Amino acid sequence: MGYKDVYDSWKADPEGFWMEQAKAIDWDTPPTKALNDTNAPLYEWFTDARVNTCYNAVDRHVENGRADQAAIIYDSPITGVKDQITFAELKDKVAGLAGALAARGVTKGDRVIIYMPMVPEALVAMLACSRIGAIHSVVFGGFAANELAVRIDDAKPKAIIAASCGIEPGRVVDYKPLLDGAIDAASHKPEFCVIFQREQSPSELVEGRDVDWFAAQEGVAPADCVPVEGDHPAYILYTSGTTGAPKGVVRPTAGHLVALNWTMKAIYNVDPGDVFWAASDVGWVVGHSYICYGPLIHGNTTVVFEGKPVGTPDASTFWRVISEHNVRSFFTAPTAFRAIKRDDPKGEMIKDFDISCLRALYLAGERADPDTIEWAQRVMNVPVYDHWWQTETGWTIAGNPAGIEALPVKIGSPTVAMPGYDVQILDEGGHPMKPGELGAIAVKLPLPPGTLPTLWNAEDRYRKSYLTTFPGYYETGDAGMIDEDGYLYIMARTDDVINVAGHRLSTGGMEEVLAAHPDVAECAVIGVSDELKGQLPMGFLCLNKGCDRPHDEVVKEVVKLVRDKIGPVAAFKLAVVVDRLPKTRSGKILRGIMVKIADGQDYKMPATIDDPAILDEIREALQTLGYAKA
Ligand code: COA
Ligand code: AMP
């Protein structure tokens, strides 16, 4: 069957399609029905089933002949460590940590926050939670204490599992002071913390609250897998929305298992036993779906890579890892390739490595620019597949289903909708648009298994953010078009979310931080184009009347404030002081026009603009930073 047959078979009988895929999962109680629409437009999948994620990701492979296969390959050029963990070893590690959590009272439904860098123990922690039905929430290490505190107050974890430190090029990032600061700042306090001490910077433990990773496991019985209902949350992952308050995306257990398992062959074209590598971070959705769960559920070996595409030690690191570990399919963000291309424009470093094991490169997380795709294709000599999805969906909305049928690549398009997704382009009134016309990208409800059923503790926000603008549809927040052949093109966000090095960030969240500076009367943050990171945030500050402090001092302070409040990952380094912000007569800041001016693009003067002269002031200010070139 080709792609079209598979897609049509799903469309003809969506429930039958997913019940068929569900056969690949080991259920404690198999589902009798796929879709539960009793609360439409809120949908759930496989609600009457009982199943355990960890059993499917680990134990069943030990029982079915993969005990000695590597489950995890750890390759850390930043510390010089390489290691392998078999499925049998992984089971012992996970059951041991799960036992320690259970012995301290963590049970099904309790939340556990995980704050760890790219070490295998991060996956062990995630799987240990799934083993006992606890709901984990991984927080990315590049976020500051305040962001961690916000997540602690929202998820209300019984426990936090953290590493003592992460390692960035040229510096050790001590996680423990960030963790302590976050717990101090949060209103909710966890009952205990499990700390994984790394030799690069062990930390002091808080007596009565912190317990060492290994000490916690001494004398406790390993925990067995606890079956949970199909709609039990497997995890919560916070992502950026329009405001500074992150959205807690809920991942349902059964749909997650079924959908991810299906994608491993259909999209990534790997068979059980193959090595799969996603160079991302466990703090992001790519890390959840394709460093941890997807490959392990499917019986693949996953690579945990602690390093950067360049500088650890150089731009050949990816080639070395692919050849050394026999990687079949490789997934990363376009920004990583832009970084490699910048350091090694001719791609000469690849010549020292045999990467003939590799079948394809998969890119996602941000728009893949044609230059980068063409460069990667030429240098690596494998197909490059762009694919489009979001934290909310957890797996591909549109991609090239290479394991079913590799469709012709059209550069600039992540290819076609996957089974499960009826993707449509809508105009402002919610009417479907013609091929080639630009509009809002929406998905007809219900979304497929594995996608978010709601937001954690925020059902109203879920409805308002995703289901209200276009009744009967899920609003993706992206704009784009579909061509005559059904190929999708993703052009821009329709909200104030920007994408910096594949990381999704809220300009609204940064504005909240800038506005809190005592000298700032008003501000705006926009995303400007950047050759390496895709976009970079840029702040515009209007100072309070009478404030005569040197502008560069205030700018330095706000840059530090964003780093301290949101974290280094925001990459907020550009800000400028202006007298006024361009607004409509009703007072709405014209951020879209500011972006166009900064990027040197043409724009149409909006009829509703209050004072067009302000745009010249903005242009001049941008030129002082080297932007807004004609
Ligand atoms: N813990 C602490 N700090 C972190 C961190 C972590 N886990 N991850 C990133 N940071 C810090 C970085 O050290 C950097 O700090 P700096 O301002 O002091 O230099 C800052 O956050 C920005 O990091 P990053 O966006 O990674 O930029 P970079 O300049 O260090 O590297 C690239 C640039 C292109 C090499 C890098 O962005 C990259 O490889 N990105 C991969 C994209 C990716 O995996 N995206 C995930 C979605 S698929
Ligand atoms: P995140 O939830 O962090 O994965 O970010 C999801 C958003 O990143 C999407 O809504 C898009 O705006 C953007 N994005 C992800 N993948 C792609 C892609 N292949 N092409 C264009 N934009 C993408």
Side-chain angles (χ1 to χ4, degrees), residues 43 137-138 140 234-242 246-252 255-256 259-260 263 267 278 280-291 293-294 331-335 362-368 385-399 413-418 420-426 440-456 458 461-467 469-470 473-480 488-507 509 527 534-535:
Y43 297 90
S137 188
V138 182
F140 179 61
Y235 66 78
I236 305 164
L237 179 58
Y238 288 91
T239 190
S240 300
T242 309
K247 296 170 172 170
V249 168
V250 172
R251 187 77 56 219
H256 181 231
L260 288 190
T263 62
I267 297 173
S280 177
D281 189 284
V282 284
W284 308 113
V285 71
V286 177
H288 282 64
S289 295
Y290 294 111
I291 294 173
Y293 291 112
F331 177 174
T332 194
T335 188
Y362 294 80
L363 297 176
E366 56 171 327
R367 205 182 105 78
Y385 299 128
D386 181 14
H387 59 322
W388 168 67
W389 49 292
Q390 318 178 300
T391 305
E392 287 85 343
T393 64
W395 61 281
T396 306
I397 310 172
S413 165
T415 320
V416 291
M418 289 297 97
Y421 295 96
D422 179 354
V423 181
Q424 303 196 10
I425 307 297
L426 305 180
I441 311 178
V443 183
K444 201 144 191 357
L445 292 172
L447 289 177
T451 55
L452 83 171
T454 189
L455 293 175
W456 183 253
R461 190 172 180 199
Y462 172 65
R463 288 176 190 268
K464 276 193 203 113
S465 304
Y466 302 104
L467 308 181
T469 312
F470 305 116
Y473 291 85
Y474 164 83
E475 182 183 7
T476 65
D478 285 311
L488 197 65
Y489 293 77
I490 316 298
M491 312 305 280
R493 289 287 302 187
T494 56
D495 55 17
D496 294 328
V497 167
I498 58 170
N499 198 312
V500 179
H503 309 316
R504 175 167 157 185
L505 299 166
S506 160
T507 53
Q535 282 184 302

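Everything numeric in this text was worked out from a predicted model, so none of it was measured.
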Determine whether Val285 and Val249 make a side-chain contact, defined as any pair of heavy atoms from C-beta on separated by less than 4.5 Å. no

Identify the two heavy atoms, one from Ala364 and one from Pro334, that lie closest to each other, and give their separation to 0.1 Å. O-CD, 3.5 Å

How close do Thr476 and Arg493 get, heavy atom to heavy atom, and via which atoms? O-NH1, 3.6 Å

Could you measure the distance from the CD atom of Glu475 to the CG atom of Asp495? Nearest 0.5 Å is fine. 8.0 Å

Could you check whether any side-chain N or O of Ser289 sits under 3.5 Å from a backbone N or O of Val286, counting only pairs where one atom can act as donor and the other as acceptor? no

Do the side chain of Glu366 and the main chain of Ala333 share a donor and acceptor less than 3.5 angstrom apart? no

Can you tell me how the ring of Trp389 sits relative to the ring of Tyr290, calling it parallel under 30°, perpendicular over 60° and tilted otherwise? perpendicular

Partner of Ile441 by side chain to side chain contact (heavy atoms under 4.5 Å, CB included), out of Thr494, Ile397, Ile425: Ile425

Decide yes or no for Leu505 and Asn499: does some side-chain heavy atom of the first lie under 4.5 Å from some side-chain heavy atom of the second? no

Strictly under 6.0 Å, is that where the ring centroids of His288 and Tyr293 end up? no

Assess the pair Trp284 and Phe331: is the distance between their ring centroids shorter than 6.0 Å? no

Give, for atom CG of Leu445 and atom OH of Tyr43, the distance between the pair rounded to the nearest 0.5 Å. 5.5 Å

Student check: side-chain heavy atoms of Leu452 and Thr393 closer than 4.5 Å: no

Could you give the distance from OG1 (Thr507) to CG (Asp496), rounded to the nearest 0.5 Å? 4.0 Å

For Pro252 and Gly450, the nearest pair of non-hydrogen atoms, with its separation, is CD-O, 3.9 Å

Please lay out, stage by stage, how Thr415 and Trp388 fare under the test side chain to side chain contact (heavy atoms under 4.5 Å, CB included). CA-CA 9 Å; Thr415 320; Trp388 168 67; over 6 Å; no

Do the side chains of Tyr473 and Leu426 get nearer than 4.5 Å, heavy atoms only? yes

Val416: side-chain contact (heavy atoms from CB on, under 4.5 Å) partners, not counting sequence neighbours: Tyr3, Pro401, Leu407, Met418, Tyr487

Is there a side-chain contact between Tyr462 and Lys247, using heavy atoms and a 4.5 Å cut-off? no

Is any side-chain heavy atom of Asp386 less than 4.5 Å from a side-chain heavy atom of Ser413? no

What about the rings of Tyr421 and Trp395, do their centers lie closer together than 6.0 Å? yes

Which heavy atom of Gly420 sits nearest a heavy atom of Pro448, and at what distance? O-CD, 3.2 Å

What's the spacing between Asp281 CG and Phe140 CZ if we round to 0.5 Å? 4.5 Å

Check the pair Glu392 / Arg504 against salt bridge (charged side-chain N to carboxylate O under 4.0 Å, His left out), numbers first and verdict last. CA-CA 12 Å; Glu392 287 85 343; Arg504 175 167 157 185; 2.9 Å; yes

Does the side chain of Ile490 reach to within under 4.5 Å of the side chain of Arg367, using non-hydrogen atoms? no

Evaluate the ring planes of His387 and Tyr362, with Trp represented by its six-membered ring, and classify them as parallel (under 30°), tilted (30 to 60°) or perpendicular (over 60°). perpendicular

Starting at CD of Gln390, measure out to OG1 of Thr239 and round the result to the nearest 0.5 Å. 8.5 Å

Reported NE2-to-OG distance for the pair His503 and Ser240, which is rounded to 0.5 angstrom: 11.0 Å

Does Ser280 form a side chain to side chain contact (heavy atoms under 4.5 Å, CB included) with Ile291? I'd like the steps, not just the answer. CA-CA 8 Å; Ser280 177; Ile291 294 173; 4.2 Å; yes

When the ring planes of Tyr466 and Tyr474 are compared, do they come out parallel, tilted or perpendicular, using 30° and 60° as the limits? parallel

Is any side-chain heavy atom of Val138 less than 4.5 Å from a side-chain heavy atom of Tyr235? no

